[in-house]
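Start at 1 with the first residue, then count along the sequence.
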Amino acid sequence: MDEAWYRLGMLLVLIAGVWEGPVAIVFRLYTDRRPNVLTAANYLPAPWCYVAAVGAMIVAFAVIAFLDTRHKRVLALAKRSDAG
């Protein structure tokens, strides 16, 4: 994959993780908005919505770490093949 695709993937996962994590918690605590598709964790009852939001954030950061590691490995292989 191209470097831009890794960056785009990391950006999209970051946006989804932040939206389903802290933003969902802020909507739950400080607004009277009903849950919708964009804040899916808020469909759960009170203690579990926070667990789901934190879990979504942890999964997003794990996927970002995986993509970053894979991206660095691909760049190292490309650099090695150009040098050799």
Side-chain angles (χ1 to χ4, degrees):
M1 273 188 355
D2 189 58
E3 180 175 355
W5 287 110
Y6 280 107
R7 299 288 180 189
L8 179 64
M10 285 189 263
L11 180 67
L12 292 176
V13 170
L14 178 69
I15 290 170
V18 168
W19 193 266
E20 284 297 326
V23 173
I25 291 173
V26 167
F27 279 168
R28 177 73 175 232
L29 292 176
Y30 299 112
T31 65
D32 292 334
R33 296 180 74 181
R34 298 189 64 216
N36 59 26
V37 175
L38 297 176
T39 56
N42 290 340
Y43 282 109
L44 297 171
W48 297 110
C49 67
Y50 305 118
V51 173
V54 170
M57 191 171 47
I58 289 170
V59 168
F61 286 132
V63 170
I64 289 171
F66 171 75
L67 286 173
D68 189 43
T69 303
R70 185 77 178 133
H71 175 244
K72 288 178 183 176
R73 184 180 302 158
V74 168
L75 286 179
L77 288 174
K79 189 175 185 180
R80 192 177 314 151
S81 69
D82 288 341

Legend entry - same_hphob_cluster(Tyr50, Met57) at 4.5 Å side-chain heavy-atom cutoff: no

Inset, instruction - Decide yes or no for Leu8 and Trp5: does some side-chain heavy atom of the first lie under 4.5 Å from some side-chain heavy atom of the second? - result: yes

Legend entry - Transitive ILVMFWY side-chain link Val13 to Leu38, under 4.5 Å: yes

Inset, instruction - Grab the two heavy atoms, one from Ala52 and one from Leu44, that are nearest each other, plus how far apart they are. - result: CB-CD1, 3.6 Å

Legend entry - Any donor-acceptor pair under 3.5 Å from Thr39 side chain to Pro35 backbone: no

Inset, instruction - Could you label the plane-to-plane angle of the Trp19 and Phe27 rings as parallel, tilted or perpendicular, counting under 30° as parallel and over 60° as perpendicular? - result: perpendicular

Legend entry - Closest contact, heavy atoms only, Gly17 versus Pro22: O-CD, 3.9 Å

Inset, instruction - Spell out, yes or no, whether Phe61 and Val54 are grouped together once hydrophobic residues are joined by side-chain heavy atoms under 4.5 Å, including indirect joins. - result: no

Legend entry - Atom pair CD1/CG of Ile64 and Leu11 - distance to nearest 0.5 Å: 8.5 Å

Legend entry - Heavy-atom pair with the smallest gap, counting every atom of Ala78 and Ser81: O-OG, 3.0 Å

Inset, instruction - Measure the spacing between CG of Asp68 and CZ of Arg7 and express it to the nearest 0.5 Å. - result: 7.0 Å

Inset, instruction - Find the distance between CG (Asn42) and CH2 (Trp48) and round it off to the nearest 0.5 Å. - result: 16.0 Å

Legend entry - Hphob cluster co-occupancy, Tyr30 + Ile25, side-chain heavy atoms under 4.5 angstrom: yes

Inset, instruction - Check Val37 against Tyr43 and note the closest heavy-atom contact, atom names and distance. - result: N-OH, 4.2 Å

Inset, instruction - Treating Ile, Leu, Val, Met, Phe, Trp and Tyr as nodes and any side-chain heavy-atom pair under 4.5 angstrom as an edge, say whether Met10 and Leu14 lie in one connected cluster. - result: yes

Legend entry - Within 6.0 angstrom of Phe66 CZ, more than 12 heavy atoms from elsewhere: no

Inset, instruction - Of all the heavy-atom pairs spanning Ala40 and Glu20, show the shortest one and how long it is. - result: N-OE1, 3.3 Å

Inset, instruction - Would you mind reporting whether Arg70 and Leu67 have side-chain heavy atoms less than 4.5 Å apart? - result: no

Inset, instruction - Go through Lys72 and Thr69 one step at a time and tell me if the side-chain contact (heavy atoms from CB on, under 4.5 Å) criterion holds. - result: CA-CA 5 Å; Lys72 288 178 183 176; Thr69 303; 5.9 Å; no

Legend entry - Considering all heavy atoms, the nearest Ala41-Cys49 contact: O-CB, 3.1 Å

